[in-house]
Each structure stands twice: as structure tokens, then as C-alpha cells.
Amino acid sequence: MSSASSTLIATVGILALQGAFAEHQTILQRLSIKRRVIVVLVRTAEDLAKCDALIIPGGESTTMAILARSAGLLEPLREFLRTKVVWGTCAGAILLSTSVENAKKGGQELLGGISVKIARNGWGSQVESFEAALEVEGLRDSSRPYTGVFIRAPVVLELTPSPLDPPIEIIARLSPQCLPRSHDLPQADIAAGSDPRTIVALRQGHHLLTTFHPELTDDNRFHEYFIQQCVLPSLA
Amino acid sequence: MTTPTGTSTPSISTPPVPHSVGNVSLSSVAPSRSKELRDGGSSASGTFGVKSGLAQMLKGGVIMDVVNPEQARIAEEAGACAVMALERVPADIRAEGGVARMSDPSMIKEIIEAVTIPVMAKVRIGHFVEAQILQAVGVDYIDESEVLTPADEEHHINKHAFKVPFVCGARNLGEALRRISEGAAFVRTKGEAGTGNVVEAVRHTRDVQSAIRQASVMNEEELYVFAKEIGAPYHLLKETARLKRLPVVNFAAGGIATPADAALMMQLGCDGVFVGSGIFKSGDPAKRAKAIVQAVTHYNNPKILAEISGDLGAAMVGLNIEPDMKGGRLANRGW
């Protein structure tokens, strides 16, 4: 790392309309590199204008979209996504996708930004929520599994990048045994190890998407990864 | 499976977070309960981590009482983060009297079909078979609620035995910690349901906060005595004192009827609000619901609160809290 980039300070916004935004804030504030991160809770367009990067937390995607519309944040968020780094966890991942299944009746608003088709509540009701050990490429100490907490989590159904879109990089997959029984895909896909439903973390361009909740664990490594691999390089 | 299904309240290891009434620190979070899973392919469902985790996802949101799919859709469109399915809202239970029970499972299923947000439903205090039925129906959260007629005047449900998470009401810190010890993953401080009068919700929230502040400066010897006085398990009291907040998510409930009421409960330190009769007993439910949702997000911004509080139509008719009020004092149920 060059000396210039090691002195950068990033202003990281957390969308604080609804959901687990305080949990993200707590983890960012206990990182070993916390001196290089200024946290802003984003509720208005003015808050967003201060940020170099944004985290969209877990919560209810419909609630967040409705609140973003009434706060006049939808267009500023879409504009932000065009040039800056954004990480969506769970509900945030739904908002970052380009199309969604199991949307509320009458459809729901998305921000777009990552070329995936995603299904809400992929596993069904809360009784199906689970924790699973994940191997995540690029994390510090990556041989130690990372606990993914999946709560009424979405499922990636399909990667849909057009030739002009930045390539999609898969960061973590779930063991196929943990998959929901619905959304049956052809067996051939599964045998080839390319079942998109096992994808639980991915990057495309500036953006990071996780269908689970790194904000619900005591493990800082995912937030560290986001700051060091996504946010700081974008400022250098 | 490396983790047994919801058998105990796991130990908690997060640093203390600042918390105080009237000046709520936004970094205030209930601690992580997720356990590290040991071997590569393992997974576990129904853990305390995923139970309390769903409550954490509801934070900063409004959970609305609904009695049919149409109301559930109105709530979802207004931005509710979850709905509570029940047969009669508390104001009607109060007015009509009689024994109030779990709702018809087929009505709950219709509501689950109608919306994509989490659906909660109420069971009577101590009625663990109603809870088994609701778990089988596939609700996302069960409210063991004093609004229904209690089925057991001594025991609450052993909530550790279920995969579905529970929310319970509490008037004070001791009651809240007893419920958590029984397995509740989410606590709501009780107001007086069905009155449209926020005074009891404020009283009980302040009681809980005040007891937490007292506990937070006690030494170990004093904590043992305090645990005995308030009837709380010592280890949970100690954890609460260290965190300076309840160790699970805490919403306000009962008597919230206006956006200002909702913002008041948020500024007093609650993580979100339940609104029962306040929405569908008012003049313009869709508009009022949307305004309360915005009030919970922008609770610290009086300028936005002023904008959203206007032109909402009539609020529900409120009741004064009196010892001989119709339907009695619901908040006093729970042991």
C-alpha cells in the first residue's frame, strides 16, 4: 500500500431509514482501522452528499424503499450508485439488484446497480432462518470460517450482466445442502457447481452484495474487507 | 448441527454501548448472539442468534395490528416493517369484553399470503399449544400477549422450546429479564393497549430505563440484592448493567396514536414501536400509518415531524386510564 493511500480517510454512510443500521455502525467503530473511517447515518440527501461510500443494512426492503421515496432519496441514491462504492446486506442486497421475485403486490422499487435477479424470503418464514459457516475469498485469516446469519434471506436466482457491465466476482458460496427446496433449477447446473442460488456474496464494479448479515456477528472481518478492499482503493 | 436448537440464552460478548433517556445514542445495539460454527459445512436453525436477529431487522420500524388481509396490505404499503395478525384490535377487545384468544389460523394464513413483510400473531399468556399451532402455521414471530385473556395465571410459555421467536411485554426491568430468561428474543414495554393514551407506555419505558441506569453503577454485591428485589435472573441483570440497555431489542407498545407519540417513545430510547388500535381506529388509516412510519425514522428531526403530523384526519378517541375502566388494566397481566 502506498503512503498516500494509507493516510486516506473515508466517510462511510449507513442508510438509517429502518433496520440494523446501528449494528453496522458499532462494528465500523471497533475496527482496527477505525481512525480511517468517519461514519454518517444517512436519512436525507444532505447526509448522503457527505459520503464516499454507503452501506445499506438489513431490515425490510419495502419499508426502506417507501421511506427513501418520501425522504426524496431514491434518485440521489441511484446517482450515488453510478460512481461510488455501495454494500448491501440482505434487504440492502434486494435494493441493489436489478430484478426481484416475491415482491410485494403491485411491485416494489429497487435501486439497481448489481446485475442479479434475486428472490425475497428465499427460504420461507422465520422458522427457516439459519446460521451457516462460510468460506469467504479474500477475508483476513480466510481459513477460519465466517458465520453467515441468514434471516428470511433473499436468494440469488440468476446473474444477468450485459456485455457492457463490469464482471461479477463471486466472494462466497453456501453449501448446497443449505439451499431451499423451492426454485428448482435443472440438475445439470447444480452438478457443474454453478448453481447461482449458492452465491451469498459477490462484487460487481464498485459494489458488494451479501445476502446474509455480517452486522449480526462479533466477527469484524467482513467490514474490514469492505473498507480495505472496496472503499479505500476507490479513493486512492 | 453443532448448536442445539434454542436451549439456552448464550453468553454475550460485546463492549458496552452508551444509552440514556432523552439523548439516545444511535450506536446503541443489542449484542450479537450469533455463535461461531465450528466445522465447514455446518448450519443451525432456530438459534437465539437468528431469533433475536429478526428483531434487530425490525428496528427503527413500526409493527401494525391488522385484522384482515386488506388492512395488512394498507400497512405494508404505508411502510410497516411487520404486521400483527389478530381477530380484534385491543380497543374492540376492551369494548366488547369476553375471552380473547388466538386468531383463526386460516385468517392468519390469508394475511401471510397477502404480504411479504414478517407476520406476527398473538397467543394467550401461558398457552403453549396456541404457540405450537402458530409455529406450525408459519408465523414469523409470536407475541405472548397480555391483550388476550391469560390462559395461565402463574406460568409463561417456555419459549426456548420453540424454533419460532417470541416477543413479550414488560412493565419493568424485572419482568423484562424474566421474559428473556424464559426465551423471549424481543421485549416490548407495555402501555395500556386499546386506549390511545400513551401515558402508561411512557411510565413503563421510563421505569425500565431508570432501573437500568441504577443497575449500571452497582457493584457485584449490590447487583445480587437488586436481582432479588426485582425478581430478575442475576446473570441477565449483570449483562444488562454492563450493556446499559436490555440485552434484546426493545419496542414500545400500547396507546401510541400519533406520529408525535411514536417519536416520543423513540426519543425515550425504544428501538421501534407497535401500533395497535391507533391506526385502524382513526379517520384516515393509510395516511396516519405512513406518517407514523416516517416519525419513527425521523424521530429526532422536529421539522420533518411537523410536516408529517399535519392533515391526518381524526385520531382514535382516547380513554383515560382509570382503575375501573372498561376492559380493565391489561398491562397488569403478566407475572
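Quick caveat, the model's predicted, so the values are computed rather than measured. Order of the sequence lines fixes the chain letters, A, B, ..., with proteins taken first and strands second; residue numbering starts at 1 for each chain.
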Pair count under 4.5 Å, heavy atoms only, with chain B: among A16(A), A20(A), S70(A), G19(A), highest is G19(A)

Given T62(A), T44(A), L67(A), V39(A), the one with more heavy-atom pairs under 4.5 angstrom with chain B than any other is L67(A)

For E131(A) against G49(B), the heavy-atom pair lying closest together: OE2-CA, 3.6 Å

May I ask you to decide if Q126(A)'s main-chain N or O and D140(B)'s side chain share a donor-acceptor pair within less than 3.5 Å? yes

Going by heavy atoms in the side chains, are L216(A) and M57(B) under 4.5 Å from each other? yes

Do the side chains of K59(B) and E23(A) get close enough for a salt bridge, i.e. N-O under 4.0 angstrom? yes

Counting N and O atoms only, with roles assigned by atom type, does the side chain of K105(A) sit under 3.5 Å from a partner on the main chain of A114(B), one being a donor and the other an acceptor? yes

Is it the case that over 12 heavy atoms from other parts of the model lie below 6.0 angstrom from the CG atom of D141(A)? yes

Any sub-3.5 Å donor-acceptor pair from R43(A)'s side-chain atoms to T297(B)'s backbone N or O? yes

Determine yes or no for a side-chain-to-main-chain donor-acceptor pair under 3.5 angstrom, with T63(A) supplying the side chain and G79(B) the backbone. yes

Does any part of the side chain of P118(B), heavy atoms only, come nearer than 4.5 Å to the side chain of R152(A), both counted from C-beta? yes

Closest heavy-atom contact between S43(B) and A132(A)? CB-CB, 3.8 Å

Charged N-O contact under 4.0 Å between E77(B) and K104(A): yes

Examine whether an atom of A91(A) lies under 4.5 Å from a heavy atom of chain B, and if so say whether it belongs to the side chain, the backbone or both; otherwise answer neither. neither

Side-chain donor/acceptor of R120(A) to backbone N/O of I117(B), under 3.5 Å: no

Measure distances from E113(B) to the heavy atoms of chain A and classify the residue's part below 4.5 Å as side chain, backbone, both or neither. backbone

Side chain to side chain, V293(B) and I66(A), heavy atoms closer than 4.5 Å: no

Proximal component of A65(A), with respect to chain B [non-hydrogen, under 4.5 Å]: neither

More than 12 heavy atoms of other residues, nucleotides or ligands under 6.0 Å from CZ of R78(A): is that the case? yes

Under a 4.5 Å heavy-atom cut-off, does chain A meet the side chain of V296(B), its backbone, both or neither? neither

Nearest heavy-atom pair of Q18(A) and G60(B): which atoms, and what distance? CG-O, 3.4 Å

Does N121(A) use its side chain to pair, donor to acceptor, with the backbone of T116(B) at less than 3.5 Å? yes

Taking atom CZ of F80(A) as the centre, does the number of heavy atoms from other residues, nucleotides or ligands within less than 6.0 Å exceed 12? yes

